[in-house]
Amino acid sequence: MFGRSVFQSVVERLAAERAAEDDDEPRAHRVSGLSSGFVREAGAAPATDVRRAEDLYRDLMAEDGEAESIVPPAEPAPPVMPAHLARLLPQEIAEDLALSADDTAATLAEKRRRFARANHPDGVHEAFRDAANMRMKVANLLIDEALARLA
């Protein structure tokens, strides 16, 4: 080991280990360097073991005073549509926008952003996207008309 580089020492040691392995019987099921406790034999656990574990778990739950059968979670309640999404008439949307003759381009842009935050189709439940999309279309049309009157 003395007088040789570290690389040479490692190469010689690996060659010696390989020669020792070649002398032993080949073991196809083992990976060199892993202990036998790390590698598990192929095949799943028998179904009886799984069933026994479930039975033990249920027995444990029964001892704690809980029901023996596991109740699946209830389906979620259907979503409730917000009241403002039902207001689809242009007059109602104009009221929600609070458009006035005193609006400037800056106030109209702010009203558009505020309305979009509350009504954008991406921000509501999937079941209400059509109503939100309609509200956004009408609101954008009303604001664009107001901007055209300013110009």
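Side-chain atoms are counted along with the backbone in the values below, which use heavy atoms only and exclude waters and symmetry mates.
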Q: Could you go through the side chain to side chain contact (heavy atoms under 4.5 Å, CB included) check for Leu142 and Leu99 one step at a time?
A: CA-CA 9 Å; Leu142 292 172; Leu99 296 175; 4.0 Å; yes
Is the backbone of [Y] close enough, under 3.5 Å, to the side chain of [X] for a donor and an acceptor to pair up by distance?
X      : Y      : value
Arg135 : His84  : yes
Asn140 : Met136 : yes
Glu12  : Ser9   : no

Look up atom [atom1] in [X] and atom [atom2] in [Y], then write down how far apart they are to the nearest 0.5 Å.
X      : Y      : atom1 : atom2 : value
Ile143 : Leu108 : CD1   : CG    : 6.5 Å
Arg87  : Ile93  : CZ    : CD1   : 8.5 Å
Leu88  : Lys137 : CG    : NZ    : 12.0 Å

Q: May I ask whether Leu150 and Leu97 are part of the same hydrophobic cluster, defined by side-chain heavy atoms of I, L, V, M, F, W, Y residues being less than 4.5 angstrom apart, directly or through others?
A: yes
Q | Partner residues of Phe115 under the ring-ring contact (aromatic ring centres under 6.0 Å, His included) criterion, sequence neighbours left out | A |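 Result, ring-ring contact (aromatic ring centres under 6.0 Å, His included) vs Phe115: none returned.
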Residue pair [X] / [Y]: nearest heavy atoms and the distance that separates them:
X      : Y      : value
Ala132 : Pro121 : CB-CA, 3.9 Å
Arg112 : Asp144 : NH2-OD1, 2.8 Å
Thr107 : Thr104 : OG1-N, 2.7 Å

Q) Hydrophobic cluster mates of Leu85, side-chain heavy atoms under 4.5 angstrom, ILVMFWY only, any path? A)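 In the cluster with Leu85 are Met81, Val124, Phe128.
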Q) Would Lys111 and Asp103 satisfy side chain to side chain contact (heavy atoms under 4.5 Å, CB included), going step by step from the backbone distance to the final call? A) CA-CA 10 Å; Lys111 288 180 180 187; Asp103 286 332; 2.9 Å; yes
**Q.** SB check Asp122 Arg129 (cutoff 4.0 Å)
**A.**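 Judged by the 4.0 Å cut-off on N to carboxylate O distance, Asp122 and Arg129 do not form a salt bridge.
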Q) Step by step, would you call Glu110 with Arg113 a salt bridge (charged side-chain N to carboxylate O under 4.0 Å, His left out)? A) CA-CA 5 Å; Glu110 176 58 31; Arg113 281 191 294 274; 3.1 Å; yes
